[in-house]
Amino acid sequence: GQRAEIEEAFHFIVRQYSRKKQAVPESLIYQFLSSRVPVNQIEYIISAMVSGRIIAVAEMLGPAGRTFNPVGLNIEE
């Protein structure tokens, strides 16, 4: 599946969150993932991360997208 990409994205989000001490814009996550997966898979990966409680929506910004906070990575083997 997409476990490696989800883990990479989670670590990217944690680094951004730690550096800036604020929620990470969806556009940054798209930018990060677009160099790793086909663009049509990005929304699926973000949705899977939200439904798996790996990240949480911090704020809805309307047309500008959303921002996310890291929650935790607990992927079952």
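Note on V71 and L33: separate hydrophobic clusters, where clusters join Ile, Leu, Val, Met, Phe, Trp and Tyr whose side-chain heavy atoms are under 4.5 Å apart, directly or indirectly.
Atom NE2 of H11 sits about 9.5 Å away from atom CZ of F32, to the nearest 0.5 Å. Between atom OH of residue Y44 and atom CD of residue E5 there is a gap of 11.0 Å, rounded to the nearest 0.5 Å. The CD atom of Q41 lies 12.5 Å from the OG atom of S47; values are rounded to the nearest 0.5 Å. The structure places CD of E7 at 9.5 Å from CE of M49, a figure rounded to the nearest 0.5 Å. The CD atom of E26 lies 10.0 Å from the CD1 atom of I42; values are rounded to the nearest 0.5 Å.
A donor-acceptor pair is defined here as one N or O able to donate and one able to accept, closer than 3.5 Å; such a pair exists between the side chain of T67 and the backbone of E59.
Smallest separation of non-hydrogen atoms from N69 and Y17: OD1-CE1, 3.1 Å. Q16 and V24 get closest at one heavy-atom pair: CB-CG2, 3.7 Å.
E43 and Y30 form a side-chain donor-acceptor contact under 3.5 Å, judged by distance and modelled atom types alone.
Of the candidates I6, I13, V14, I55 forms a side chain to side chain contact (heavy atoms under 4.5 Å, CB included) with just one, namely I13.
Under a cutoff of 6.0 Å and an axis angle of 45°, R66 and F68 do not form a cation-pi pair.
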